[in-house]
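So you know, we letter chains A, B, ... as the sequences are listed, proteins then strands, and number each from 1. The analysis underlying the following values was restricted to heavy atoms, covering all of them including side chains, and did not include hydrogens, waters or symmetry mates. These numbers come from a predicted model, not from an experiment.
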Protein chains: 2
Amino acid sequence: MTAKTRSRGTSDKPTSFDIAARAGVSQPTVSRALRGDPTVSAATRMRIEAIAHQLNYKVDKNASSLRRGQTMTLALLFFEDPLPDGTYINPFFLSMLGSILRTCAARGYDLLTSFQHLSADWHMDYEDSRKADGIILLGYGDYEVYKARLEALRAQGTHFVRWGAVDPDGLATTIGSDNIAGGRAAGEHLIARGRRRVAFIGQADDHYPEFRDRYHGMAQALRAAGLAVDPGLHADSLSVEQGGYDAMQRLLVRGIPFDALFAASDLIALGAMRALAEAGLRVPADVSVVGFDDIPAAATTQPSLTTVAQDYRLAGEVLVDTLLRRIADQPTQASLLLPRLVVRGSS
Amino acid sequence: MTAKTRSRGTSDKPTSFDIAARAGVSQPTVSRALRGDPTVSAATRMRIEAIAHQLNYKVDKNASSLRRGQTMTLALLFFEDPLPDGTYINPFFLSMLGSILRTCAARGYDLLTSFQHLSADWHMDYEDSRKADGIILLGYGDYEVYKARLEALRAQGTHFVRWGAVDPDGLATTIGSDNIAGGRAAGEHLIARGRRRVAFIGQADDHYPEFRDRYHGMAQALRAAGLAVDPGLHADSLSVEQGGYDAMQRLLVRGIPFDALFAASDLIALGAMRALAEAGLRVPADVSVVGFDDIPAAATTQPSLTTVAQDYRLAGEVLVDTLLRRIADQPTQASLLLPRLVVRGSS
DNA sequence: AAGCGCAAGGCATACGTATTCACGCGACCC
DNA sequence: GGGTCGCGTGAATACGTATGCCTTGCGCTT
């Protein structure tokens, strides 16, 4: 019994040495065979594969990652402003999670998932600690807060991509919807429905570039039609249902008349519609409502919600593929995905 | 320059040897210091920690996992029956995801997420390939289909826990709600509201033990009150919104009168309420509706949905902690969590 | 017939950490 | 004052895989 041939109990996981011993070859040959190295003859490879399968042998990913310097794993980091319910995750991002999982699987990668609040320390050491080859950042939140973190990540040479407003300073790591075009489509739709006074709920300042762009797109459409953009019809809100509800109540208290609402997200729209219903206003008879995202609930609420759909499916694919190109040191570019207006009952 | 002191470019990640060299100690001392081994003197440890922090040193988890034989990672596996939209994940499980993520983080574990259809091959080799120390299984679906897989997992000695109906054959790896008690609570509530003829939508057969138990709990309550359980008022449905919608339409076509609906899940309830509204029936005036799960949308739909809330927060904690006890070879037991009736506008 | 080239696979080693064992040294005991 | 103990640390090695380099054997060339 040589030093390399350890006796093994039945419960121990087999190693490439076990396969090698049973196949009458050396351990490196097993490694080469299973990785498809052409220097291993077909006969040998098939024999090794048969034995490996029979023993239920699986390559030890830790050893493999250690040796190869890559983990075949991506990390997904959700982040959000702190919210009352700590376990809350935006439904749109959850939809994207499915697409990302699918794409990762198709590319042979695993996905490590994490989530945390913007205010907390970012323990984004997945790549530093070599558990992942790159990071996908997903979240809405105060862009100013984490801009510095992004710079630090880039300075470290960490591989990452981000979903959000495409950054003006040219980070080629950002994938996002064309929020201006989406906002414009919403505005044009409301105008075509004969609406003249469009309210907006959502943050429209530079800390929330996505929402700001949606607002500006809508405002563009109004101005192009010769309509006024009344700052009095804008109410701030975080992208949560309760926020939309509260904002709509504040809007109603102001008493400025409006006949349409463009909400910065579907969650806001749902909350606002709840407040409208309580106030005795009918949707869409009294107020037309358009949201943004097309979360699953949008199709089934009463009335169903007209919204600007973001293509989460494509988004997930582009995020993963862009990240993989980054990891492979291939050139990447920021991507602007075109959102699509979905007309339903609320308008 | 010894063999152990490699020259390193600025971009290379530092290793414990680098820390050791700068601290004037050996590599093992660095390892001990950073793991809090008391045999390292406080002075030495602090010096090492300072240098490690300064160089942004992170332990290489691959090397660490390889050496220690554990990964400090858990795998989460969503599974469902194949659905039209491939990226769909049940919102209740998504809520649980947040809780699981939080608990994992609190216990120092990372979470590897995956999801797939029941019909596909289960590539559940995370533990075999040593990427995870254990597996959390999350999903509704045909229990008969994967029962054999669970047996195989157990035979392999894989560490796993499962959310679902507590298994009669005594797998001490199952965490679930007390669905019978939940169904009974729903039934008693409807009876207290003066309802006499309660319809049920959802699968109530042995392939879906959770839903079956909910049905039987409700039936118990009816019988205890001397009310009839009419099989004609039961319609099958997958746990998706559209399924509830379709099932309610079928129910209405039958023409058997009913004044209440107990839905096996909130998604079903939402779909059913949509069908009721389209049929001109008012909730709760004509039909009281009670769901199950308490997904986020339940609180905000119009009318808001009375439902049997599952404590996803506690569920996530119990799942993780039970799995960790399994991994540590400590005794575990199946847990039945008590659901809680949340009365809202639909009843 | 000797040399050459190529195919197939073995040998040695590196990846970075954690642990076992051994060692030096001061204190303490009798 | 010599043995003993324990504290703090270093030396050596194992974890399992992947790869650069070398060896072997065989067919073929000139």
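Of the side-chain N and O atoms in A:Thr39, none sit less than 4.0 angstrom from OP1 or OP2 of C:dG9. Side-chain nitrogen and oxygen atoms of B:Thr15 include none within less than 4.0 Å of the OP1 or OP2 phosphate oxygen of C:dG16. For the OP1/OP2 pair of C:dG9 and a distance below 4.0 Å, the side-chain nitrogens and oxygens of A:Thr29 include no atom meeting the criterion. For D:dA18, the OP1/OP2 oxygens have a side-chain nitrogen or oxygen of A:Ser64 closer than 4.0 Å.
Taking the charged nitrogens against the carboxylate oxygens, B:Asp37 and B:Arg45 have no contact shorter than 4.0 Å, which rules out a salt bridge. Classification of A:Lys13 and A:Asp60 as a salt-bridged pair fails, no side-chain N sitting under 4.0 Å from a carboxylate O.
Among the atoms of the strands shown, only primed sugar atoms or phosphate atoms (P, OP1, OP2) are found under 4.0 Å from some heavy atom of A:Val25. Heavy atoms of A:Val40 sit under 4.0 angstrom from primed sugar atoms or phosphate atoms, though from no base atom. Within the nucleic acid shown, A:Arg35 comes within 4.0 Å of sugar-phosphate atoms alone, with no base atom in reach, counting heavy atoms only. Among the heavy atoms of the strands lying under 4.0 Å from A:Thr44 are primed sugar atoms or P, OP1, OP2 only; no base atom is included.
Across the protein-nucleic acid pair, A:Asp60 atom CG and D:dG16 atom C1' stand 6 Å apart, rounded to whole Å. Between A:Asp18 atom CG and D:dG16 atom P the separation is 9 Å, expressed in whole Å. In this entry the distance linking CZ of A:Arg68 with P of D:dT17 reads 13 Å, nearest Å. One atom, CE of A:Met46, and another, P of C:dG9, lie 14 Å apart when rounded to the nearest Å. Between the CZ atom of A:Arg45 and the C1' atom of C:dA8 there is a distance of 13 Å, given to the nearest Å. For B:Arg67 and D:dG16, the CZ to P distance is 10 Å, given to the nearest whole Å. The nearest whole Å value for the distance from the CD atom in A:Gln70 to the P atom in C:dA14 is 21 Å. In this entry the distance linking CG of B:Leu66 with C1' of D:dT17 reads 9 Å, nearest Å.
Nearest-nucleotide mapping onto DNA chain C: of B:Arg32 and B:Tyr57, the residue sitting toward the 5' end is B:Tyr57.
In the set D:dT17, C:dG16, D:dT9, D:dT9 carries the atom at the smallest distance from any side-chain atom of B:Ser41.
Between B:Phe92 and B:Tyr312, the ring-plane angle classifies as perpendicular under the 30° and 60° cut-offs. Ring pair A:Phe78/A:Phe93 is tilted by interplanar angle, where 30° to 60° counts as tilted.
A donor-acceptor pair shorter than 3.5 Å cannot be found between the side chains of A:Thr71 and A:Ser65.
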